[in-house]
Structures are given as structure tokens and as C-alpha cells.
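Notes follow once the structure below has been shown.
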Amino acid sequence: MTATVNAKRKIFDFSLLRRVFHFAAPYKNKFYSSLLLAVVLAVIAPVRPFLIQLTINDGIKNNSASHIISGPGGFIIEITIIQIILLLLETGFRFLFTYSTASLGQSVVKDMRISTYNKILHLNLSQYDKTPIGTLTTRTINDIESINDIFSDGLIPIIADLLAIFSVLTYMFYVDWKLTLVCLAPFPFLIMATYYFKESVNKSFIRVRNAVANLNAFVQEHITGMAVVQAFAAEKKEFEKFNRINKEHRNANIKAIFAYSVFFPIVELVMALSIGLLVWWAAKDVVSAAQAEQVAGVITAFILCLNLLFRPLRVIADKFNVLQMGMIASERVFKVLDNADTTINEGNIKKEHLKGKVEFEKVWFAYEGEQYVLKNINFVLEAGQTLAIVGHTGSGKTSIISLLNRLYQINKGNIKVDDIKIEDFNLDDLRAKIAVVLQDVFLFNGSVKDNVTLRNPGISDEEVIRASKMIGIHEFIMQLPGGYNYNVMERGATLSLGQRQLLSFVRALLYNPAILILDEATSSVDTESEALIQQAIEKLIANRTSIVIAHRLSTIRKADKIIVLDKGEIKEMGSHQELLQKHGFYYQLHKMQFEEQENLT
């Protein structure tokens, strides 16, 4: 309810409207031409009723003083030709108006969507932890498309309709102001009906928008996690959830349809009443044939004028709702654009080569508030050394590497690379020097080559093949249909976990990083694949700073330094042998993984 109230309060936020029109500034010629065409169409609107009145009053009586076409009916033929020319002109202007407003809207949408996606690209990962992906998809696609309606079906068409109404009313008052007032007598009922219709449909549209966002988020999440849903036989339960959300979407639309079903008959009723009053008032004082001839033209012209009035009035409330929904959508989009939770890139230090020294000084970090997942982390990793981080799940291992390449911002302390604070580096340059092999490997829909090179044209095919051979995956790739051009599908669905992880190793090798991060890199591969990876790792980490996170202690025995984390704190630090001699936390982990295995053997 609060969200709805806030949305309604912001509908006429002119500062918000100014921001929308800021995106239209580069296309001001289209905007001004649309307004000019709206004025032209408004001027043309009452001309046809006037010509019809002239035809009936003068042409039928054949008392026109002069005309170009001589003979019987010449004046009527002239008026008909003018009507046809006017109709063609109006059709052309109407086409240009519709095209220019739609083109303006699409141009604004294109620029706004680029700005929004660019903003999303630079948001901190904490935003993705809190915001459903489907919601951001809705903001980038559905809501921005609604902003297009501000131009194509909202503000500018409303201005055009209001100008046309003003032009027609001006003509009607000029012809007979008393008759015009009589025709407008039922209009207060129409205004009241329009107001209630607008309010009802607006509430329904807000419900529809919320339901669409919920549908997008639900469907995107469950399609991504369909393997889990099916593995736990949760299809029926999840379908019931979807059905509830879908019913809310249907109910919101049905309520809007009901409002339309009531409103349009009311409009027709009011129009019929206006025409009845028109005929009654115009004909009540007619006592002669001459008066009847004169009144016939006025009545016909006024009936046409009433049609011209009611045609925009039928849709103006709907257009106003479209404008409202466009404004609400723009508010949601601007919330994304105004999100200050981005990685600040104010550093200007760029280095062609990094030595790779890494230092954490009293680092504290929390994902939410002061619920710290890392507490007072201190260590120094010299260039070329290998650091291994071990600990139970949730101890903060992955958080450390996420801070190093600035995926998250630290709360307290400093992180330095080559004795320089990471905030002082240019962000893109720093991340280009750090390669990460994540536990959950993400592959894009595309070829093997595109995924390992990330479409970097500077990486040659020879380099890709060389790196693949080093990892030991070249022969497997060549067995795939198309080899390196094989499409791995979204998230690498056609490959096993181990194969996806091996490809991520190739990706890391190709970028030749100064600092290599292996996050649980061998946790999802079999023993044979792990042996291949270990051989590649030994070549990869030679003379290169490396940080390895693994549950399998066999992968980190040769590390220069091992850190044992527990609940976000460093419990032990030292080499493999030093930690074993302490008979502490690391010793217990080692005993669990190796001595029990030896006993079983």
C-alpha cells in the first residue's frame, strides 16, 4: 500500500518529467516538429464541419455567388474536391505526427536503456545479492518501454488532443455560443466518469506492473534453477506459486477491463444525449423553410464537431493513464540510475606490469551493516609467492578474493598491491592484472573460443590452442562438433562441471595475469582431471603471485604460506609443515582428510 501511495504522489513530479525530457534533448527537432504537427492538426480539425455546413447552407440551395466549376452542382463538386484534398493532407500530417512521436520515444528509450545497462554493469555485487535479476530485467526492458509511451501515446498526443478540442470548441462557440453550451450540458457527467475511470484504471495498472515484475523475477529464477526444482520433485509446489502470481496479474487486468467496459458506454450515452439536446434546441424555434435550411447545416456541422470532441475524450483518460504509468516506470528506472552503490573508479594509476605483492592491513568487511564476515585480516604475500586459504564453509575465504579485485568495498583497513592502495589503481587496469577461476564457473551462450577469450580480438587462435594444451583440454575440445567454434549454450549447459572449470583455467591462462586467484578451482573435478589441473597450476603459478582457496589440502601443500580462517578471523598462518607442527586447526583438517583415507586404504 505504501508503495502505491508513493507512486501516486510522484505521478506529477515535474522534476521527474524534466529528467525524462533531458534524454529527449538530443532529439529536440523531432519534439518540436511533433508539437508543430499537433498545432496543424488542431487547426485542420474544424475545417471539415465548416465545409459540410457551407455545402448544406449554400450548395444545396445553389445560391452561391461564384464558383470555379460552372453548371449545376458546381459548388458542391468544388467543396468535395477541397474535402478530398483536406482529407489527404490530414492523413499525411497524421502519419508524420504518429511517426515522429514514436520515433522520438524509441530514440529516448534507446539512450535510456544504454544508460541503465551501463549503470547495472557498474553496480556493486552487493546490489545483485539484494535485488532479483528478474526485477532488473523488468527495469531495463518493460519499464523503459513504458517510458516510450510518454511520447508516443502520452504527453504529446494528449497535447494534440487538447489543442484539437480547443480548436473545435472555438469554432462551435463562433457559430452559435448558446447552442454550444446546450451541447456541453451533459459534459460534467462525462468529466466525473472520466475521473473515476482514470483512478480505477491507474490502480489496476500499478497492480499489473507489480505483477509483471513478480512474474519476471519468479520465471527467471525458476528457469535458472529448474534442475533443482525437478531434482526435488517440487514442480507442483512451484507451479502453485506461479499460479498465484499469474492470478494476481489476471485479476489486475480484469479490473482494468471492467473499468473500460463501464466507461465507453457512458461516453456513448453522453454523446447521444448531447446530440439529442442539439437537435431539440436547434429545431424548437424553426417556423419557416428558410430557417430549416439554415438550421440543417448547423446541426450537421455540430454533430460532426461533437464526434471530433468525443473521439479524443474517449481515449484521453486512457492516454493520461499511459502517461501516469510512464512516469511511474521512469521513477523506477531513475532509482536504478541514481543508485550510488557503485564501485568508485577515481584511481588513475596504470601499470604495464605488476610485481604482484599483496598486503591486507587490518581489513574488516560486512555484506550487511556491522555483521562482519572478515575481522582484522592482516597478511603480506610477496611477489611470486603462493598463498593458500583454508577453512570451513562460511569462514570468509571467498570474501577475501572478492575484496582484492574490488567486487565489494571494504569497511575498514587497507588492501595494497605493490605497496599501492587498490583504490588508487584504475579499476579496469587493476582487474585486468588479476585472473579469477571461480568455484561456480559461468559460461556465456557462445562458442568455446568466445568464452575463453571473452571476445577479446587481441587473443589469437594459436594462443588459445597453446593454453588449452597446457591445461590438457585441447583434445576434448577438438572432439566437440566444430571444435573451438562449438556453442556451449547458456551457462555451459552442454558441458560437465569439470569441463567448464577446465575452460575457466584456459580463460585465466590467456590473460596472463600478475595475480592468479583459484577459488575452489579443483573442487568439482574428478581425480584424473585434478591431476591435469595440478600440472597446469604448477606451470601457471611459477614466478606469479597466486591465491588458492581449496577444501582439498592436497592442492596447497606446496604453498609458501597458508592461512586458516574461522568465522572471519585468521586462526593460524604459516607453511604446511609449520602448521602441522602446531597441532592446531590446520592439523585437525589435515588429519580428517588424509589419515582417515590412509586408514581406509
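Counting from 1, the numbers follow the sequence of the chain as shown.
Side-chain contact, Asp450 with Ser447: a donor N or O sits under 3.5 Å from an acceptor N or O. Judged purely by distance below 3.5 Å, without hydrogens or angles, the side chains of Tyr27 and Gln106 never pair a donor atom with an acceptor atom. Ser34 and Thr101 form no side-chain donor-acceptor contact under 3.5 Å, judged by distance and modelled atom types alone. Under the 3.5 Å distance criterion, with hydrogens and angles disregarded, a donor-acceptor pair is assigned to the side chains of Tyr367 and Ser399.
Rounding to the nearest 0.5 angstrom, the gap separating the CD1 atom in Ile44 from the CZ atom in Arg94 is 9.0 Å.
Counting non-hydrogen atoms of other residues, nucleotides and ligands closer than 6.0 Å to CD of Glu240 gives a total above 12. No more than 12 heavy atoms of other residues, nucleotides or ligands lie within 6.0 Å of NZ in Lys255, so this atom counts as exposed by the packing criterion. Heavy-atom contacts from other residues, nucleotides or ligands closer than 6.0 Å to NZ of Lys319 number more than 12. Heavy atoms of other residues, nucleotides or ligands lying less than 6.0 angstrom from CE of Met226 number more than 12. Applying the 6.0 Å contact sphere to OH of Tyr99 captures no more than 12 heavy atoms from other residues, nucleotides or ligands.
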- Task: Evaluate side-chain contact (heavy atoms from CB on, under 4.5 Å) for Lys178 paired with Val182, printing each intermediate quantity in order.
- Result: CA-CA 6 Å; Lys178 290 182 180 179; Val182 170; 5.7 Å; no
- Message: Leu337 vs Thr116, test: side-chain contact (heavy atoms from CB on, under 4.5 Å). Steps then yes/no.
- Response: CA-CA 6 Å; Leu337 292 174; Thr116 304; 3.9 Å; yes
- Task: Check the pair Asn148, Val108 against side-chain contact (heavy atoms from CB on, under 4.5 Å), reporting the backbone distance first and the verdict last.
- Result: CA-CA 7 Å; Asn148 167 56; Val108 171; over 6 Å; no
- Message: I'd like to know whether Glu248 forms a side-chain contact (heavy atoms from CB on, under 4.5 Å) with Asn210, so could you lay out the CA-CA distance, the side-chain angles of the two residues, the decisive distance to 0.1 Å, and finally the verdict.
- Response: CA-CA 9 Å; Glu248 169 61 21; Asn210 292 334; over 6 Å; no
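Look at Glu423 and Arg406 and you find no salt bridge, because none of the NZ, NE, NH1 or NH2 atoms lies under 4.0 Å from a carboxylate O. Between Lys241 and Glu238 a salt bridge is recorded (basic side-chain N to carboxylate O distance below 4.0 Å).
Phe310 has its side chain within reach of Val270: a pair of non-hydrogen atoms, C-beta onward, lies under 4.5 Å apart. Between Ile422 and Leu427, every side-chain heavy-atom pair lies at or beyond the 4.5 Å cut-off. Contact of the His249 side chain with the Arg207 side chain is not registered, since no non-hydrogen atoms from C-beta on lie closer than 4.5 Å. Using a 4.5 Å heavy-atom cutoff, the side chains of Arg113 and Asn118 are not in contact. Using a 4.5 Å cut-off on side-chain heavy atoms (C-beta onward), Asn246 and Leu215 make contact. Considering only heavy atoms from C-beta on, Ser274 comes within 4.5 Å of Phe187 through its side chain. A 4.5 Å side-chain heavy-atom check between Leu41 and Phe97 finds at least one atom pair inside the cut-off. Taking 4.5 Å as the limit, some side-chain heavy atom of Glu235 sits within range of a side-chain heavy atom of Gln230.
Ring centers of Phe365 and Tyr408: under 6.0 Å apart, within the cut-off. For Phe31 and Phe151, the ring centers are positioned 6.0 Å apart or more.
Using cut-offs of 30° and 60° on the angle between ring planes, the pair Phe50 and Tyr171 is perpendicular. The aromatic rings of Phe197 and Phe263 sit parallel to each other, their planes meeting at less than 30°, with 60° as the upper class boundary.
Side-chain N or O atoms of His22 include none that pairs as donor or acceptor with a backbone N or O of Arg18 at under 3.5 Å.
Listed by chain and residue number, Phe334, Asp338 satisfy the side chain to side chain contact (heavy atoms under 4.5 Å, CB included) test with Arg19 (two or more places apart in sequence, or in another chain).
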